[in-house]
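Predicted model only: the values in this text are computed from it and were never measured.
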Amino acid sequence: MTGPTSMPVAGVVPAQRPERPAADLLIRNAKVYTADPGRPEARSVAIGGGRVVGVGDDHDLATLVGPSTRIVDALGRRVIPGLNDSHLHVIRGGLNYVLELRWDGVRSLRQALAMLREQAGRTPKGQWIRVVGGWTAEQFAERRMPTVAELNAAAPDTPVFVLHLYQSALLNRAAVQAAGFTRETPDPRGGQIVRGRDGEPNGVLLAAPGALILYSTLAKAPALDDADKRTSTRHFLRELNRFGLTSAVDAAGGFQNFPDNYATVIDLARSGELSLRIAYHLFPQTAGQEIADLKRWTETVRPEDGDEWLRFNGAGENLTWAAADFENFSEPRPELSDDYEAEFEQAVRLLLENDWGFRLHATYDETIRRDLAVFEKLAAEGLFPGGNRWLFDHAETVSADSLDRIAALGGALSVQNRMSFQGSAFLQRYGAEATSHTPPVRAMLDRGLTVAAGTDATRVSSYNPWVALHWLVTGRTVGGTALYPAANLIDRETALGLYTRGGAQLTGEQDVKGVLREGYYGDLAILSDDYLTVPDAAIPAIESVLTVVGGRIVYASAEYEGLDEAVPPLSPAWSPVAHFGGYQSAGVRQALRMTEASTESEDHRLWRAARGLTPATPLPFLDPCITY
């Protein structure tokens with residue numbers, strides 16, 4: 001047996017290493033956070049055929065550059081895996097997006113009413129102005145809601161519907177008439193039509209505690225035609241891409257019928273026009289026929305049907321209406337019926353026997369404990385844990401004991417930043433101690449549970465994921481109220497993981513999504529500011545300047561404007577989005593700039609005071625801008 005040699009044997013040429021195919025897209029000169037423990041940081045990411053084909057330093061990936069490779073210089077910016085909202089009503093939101101006037105991010109009621117007044121001047125007769133979710137009175141400088149009188153003054157003839165959290169809706173005079181409310185209209189179950197002394201509806205609707213009255217009233221407004229629903233959905237997905245979102249798990253919801261309301265995203269998926277990966281759920285819409293609907297669906301669709309852009313993920317977030325609690329923290333916790341378990345057990349058994357996963361809306365531990373008792377009964381028959389993915393959504397007041405039971409049954413959790421918008425109401429009702437662990441995110445993670453994060457947008461919370469990430473790491477509401485002690489906060493990397501790997505685990509895609517690693521989907525975002533290092537207050541103002549999904553540039557701004565795919569013009573032309581856009585980030589950035597300027601001004605005053613050039617203490621009766 002001969003020893004090794006460095007010389008080729010006569011007549012034999014050493015085999016050459018096959019060249020790797022050229023990448024379609026190369027992101028270079030970046031601070032890449034990969035979320036891969038094996039290589040957490042890099043400078044470049046190469047994508048080919050829709051997947052990551054290289055992660056490394058700039059010179060490492062130079063061999064992947066070919067004649068058709070598109071090279072993007074990140075200019076030293078932070079790059080992260082694409083964000084994945086694990087609970088977003090993206091399908092329903094897309095069907096309505098261009099009809100809605102968004103107050104997300106608006107910093108003053110004065111500005112909000114000015115937007116309303118301007119929109120009234122362009123909204124055609126027969127249409128409504130709709131402000132639907134994404135805001136709270138706490139975000140306004142005035143710290144209050146608008147009044148019905150202000151809505152009447154801003155839009156005397158155009159119907160106006162303003163939804164405020166899960167709590168209430170305000171209607172101007174024209175909307176009360178358009179909705180058909182009169183003194184004879186009875187209050188629906190769980191809701192209240194507030195009336196004046198004369199018995200006439202005064203424009204205020206209350207969820208007491210259920211939000212059905214709010215959503216059923218909104219459903220009376222005109223809908224878009226099929227062509228405009230398509231355009232609306234594409235623009236909504238582009239708006240989500242704007243914040244670095246590349247995936248979402250659609251949680252279905254009320255007034256989202258299958259298959260009718262899914263037709264638009266199915267059509268966009270077939271034509272290759274989705275710019276966001278969507279995993280969707282099915283939600284029985286009619287009380288009393290939930291089991292029949294679920295049975296019919298289990299015979300026609302299977303979990304994971306679809307492809308990497310649009311795939312079916314299971315049932316929920318409601319399985320039966322009687323088992324759903326309400327999340328209106330301005331009202332007492334609702335008492336569910338004493339006997340909902342029998343029908344609920346039937347639904348869960350049906351799903352498990354057909355290998356369906358599911359998700360469950362459950363706000364309060366009282367509901368979670370009752371649901372877990374049903375699961376433990378089925379576990380005695382071997383149905384839990386059974387390999388099917390299942391989870392609780394929201395779980396704001398889940399107890400330590402319930403978390404242990406969830407872990408034993410193989411469940412997961414999806415948390416949303418509803419406390420960003422409703423935290424002050426919860427604090428007022430239940431006190432600081434209860435609020436301090438609502439929800440107990442740190443305790444969930446300490447038990448090794450799969451936890452994913454999202455927004456529950458669009459009808460209450462904003463779809464901006466950076467508002468949710470800010471809540472996770474600071475424990476503050478959008479108005480700045482501190483809710484949690486340090487013990488229930490998580491660090492920025494952990495929070496980012498809930499928004500990337502966490503969502504992928506809920507859909508069984510953890511081996512292809514949520515990490516920038518060879519073989520994974522080529523989904524990433526170049527950020528406007530470095531999430532890992534900016535001050536806490538700056539996190540909600542972060543956006544993506546370039547978002548990539550499967551190697552496609554689906555959103556581009558700043559230096560990259562014009563590199564993204566074209567979307568059709570906004571339609572209808574009078575759409576509020578056509579004039580105001582979506583999330584109003586300018587107000588956030590302006591506030592941050594004012595804070596920075598104020599800090600710089602104070603630093604400058606102290607510098608002058610130290611040198612005897614100005615009084616050490618500002619004179620209260622003088623304008624410092626003039627005095628110094």
Side-chain angles (χ1 to χ4, degrees), residues 87 89 91-93 95-96 99-100 128 130-134 159-171 175-176 178-182 184-195 201-223 250-258 260-261 281-290 293 315-337 340 343-344 347 359-364 367 393-394 396 416 418 421-422 425 456-461:
H87 187 120
H89 297 279
I91 294 175
R92 186 177 66 197
L95 297 178
N96 297 283
L99 290 173
E100 295 171 352
W128 294 25
R130 304 155 226 221
V131 179
V132 184
V160 175
F161 176 96
V162 177
L163 178 68
H164 185 237
L165 306 178
Y166 296 101
Q167 301 172 6
S168 61
L170 301 178
L171 284 69
V176 170
F181 292 132
T182 68
E184 284 76 33
T185 305
D187 287 344
R189 182 178 179 183
Q192 180 184 355
I193 302 169
V194 181
R195 305 166 197 273
N202 69 2
V204 178
L205 305 179
L206 296 179
L212 181 61
I213 185 176
L214 312 180
Y215 300 154
S216 61
T217 302
L218 178 60
K220 297 178 181 181
D250 186 85
F255 299 91
Q256 185 170 312
N257 292 291
F258 180 80
D260 296 351
N261 295 132
H281 286 250
L282 299 183
F283 180 140
Q285 295 295 305
T286 305
Q289 67 178 54
E290 298 99 317
D293 285 342
E317 60 182 294
N318 276 3
L319 303 184
T320 61
W321 280 95
D325 56 18
F326 302 108
E327 56 279 47
N328 179 2
F329 297 143
S330 65
E331 292 280 336
R333 178 181 63 83
E335 295 292 339
L336 302 184
S337 64
Y340 80 73
E343 183 186 39
F344 179 69
R359 65 191 309 159
L360 282 172
H361 168 110
T363 302
Y364 298 98
T367 306
D393 277 307
H394 316 312
E396 273 89 356
Q416 298 77 43
R418 304 192 306 182
F421 294 84
Q422 294 199 103
D456 199 11
T458 60
R459 287 189 170 176
V460 177
S461 301

For the backbone of Ile213 and the side chain of Thr217, can you confirm whether one donor and one acceptor N or O come within less than 3.5 Å of each other?
yes
Short question: side chain of Trp321, backbone of Gly288 - any donor-acceptor pair under 3.5 Å?
no
Please work out whether the ring planes of His87 and His394 are parallel, tilted or perpendicular, with thresholds of 30° and 60°.
tilted
Can you give me the closest heavy-atom contact between Leu171 and Ala179, atom names plus distance?
CD2-CB, 4.3 Å
Hey, mind stepping through Tyr166 and Tyr215 against side chain to side chain contact (heavy atoms under 4.5 Å, CB included) and telling me if it holds?
CA-CA 10 Å; Tyr166 296 101; Tyr215 300 154; 3.7 Å; yes
Measuring from Glu317:CD to Leu282:CG, what's the distance to the nearest 0.5 Å?
13.0 Å
Taking every non-hydrogen atom, the tightest pair across Ile193 and Pro186
CD1-O, 3.8 Å
Are side-chain heavy atoms of Phe344 and Leu360 found at a separation under 4.5 Å?
yes
Atom CZ of Phe181 and atom CG of Asn202: how far apart are they, to the nearest 0.5 Å?
11.5 Å
For Gly316 and Phe283 the tightest heavy-atom approach is O-CB, 3.7 Å
Report the relative orientation of the aromatic rings in Phe161 and Trp128; use parallel for angles under 30°, tilted for 30 to 60°, perpendicular for over 60°.
tilted
Is it the case that the side chain of Gln422 and the backbone of Glu327 share a donor-acceptor pair, with hydrogens and angles ignored and the cut-off at 3.5 Å?
yes
Taking the side chain as C-beta and beyond, is there a heavy-atom pair between Leu163 and Arg459 under 4.5 Å?
yes
Does any part of the side chain of Leu336, heavy atoms only, come nearer than 4.5 Å to the side chain of Phe326, both counted from C-beta?
no
So do Gln416 and Phe421 actually touch side chain to side chain, heavy atoms under 4.5 Å?
no
Look up atom CZ in Arg359 and atom CG in Asp393, then write down how far apart they are to the nearest 0.5 Å.
4.0 Å
When every non-hydrogen atom of Thr367 is compared with those of Tyr340, the smallest separation belongs to O-OH, 3.7 Å
Salt bridge present between Asp187 and Arg195 (N-O < 4.0 angstrom)
yes
Do you know the tightest heavy-atom contact between Gln167 and Ser330?
CG-OG, 3.4 Å
With side chain to side chain contact (heavy atoms under 4.5 Å, CB included) as the criterion, how do Arg333 and Asp325 come out once you've worked through the C-alpha distance, each side chain's angles and the decisive distance to 0.1 Å?
CA-CA 8 Å; Arg333 178 181 63 83; Asp325 56 18; over 6 Å; no
Any non-hydrogen side-chain atom of His164 less than 4.5 Å from a side-chain atom of Leu170?
no
Please check this pair: side chain of Asn318 against backbone of Thr320, looking for a donor-acceptor N/O pair closer than 3.5 Å.
no
Ser168 versus Leu206, closest heavy-atom pair with distance
CB-CD2, 3.9 Å
For Asp456 and His89, which I'm curious about, is there any donor-acceptor pair between the side chains at under 3.5 Å?
yes
How many angstroms lie between atom OG1 of Thr363 and atom CZ of Arg418, to the nearest 0.5 angstrom?
4.0 Å
Give a yes or no on whether the backbone of Pro284 and the side-chain of Asp293 come within a donor-acceptor separation of less than 3.5 Å.
no
Atom pair CG/OG1 of Asn257 and Thr286 - distance to nearest 0.5 Å
7.0 Å
Rounded to the nearest 0.5 Å, what separation is found between the CG atom of Asn96 and the CD1 atom of Ile91?
12.5 Å
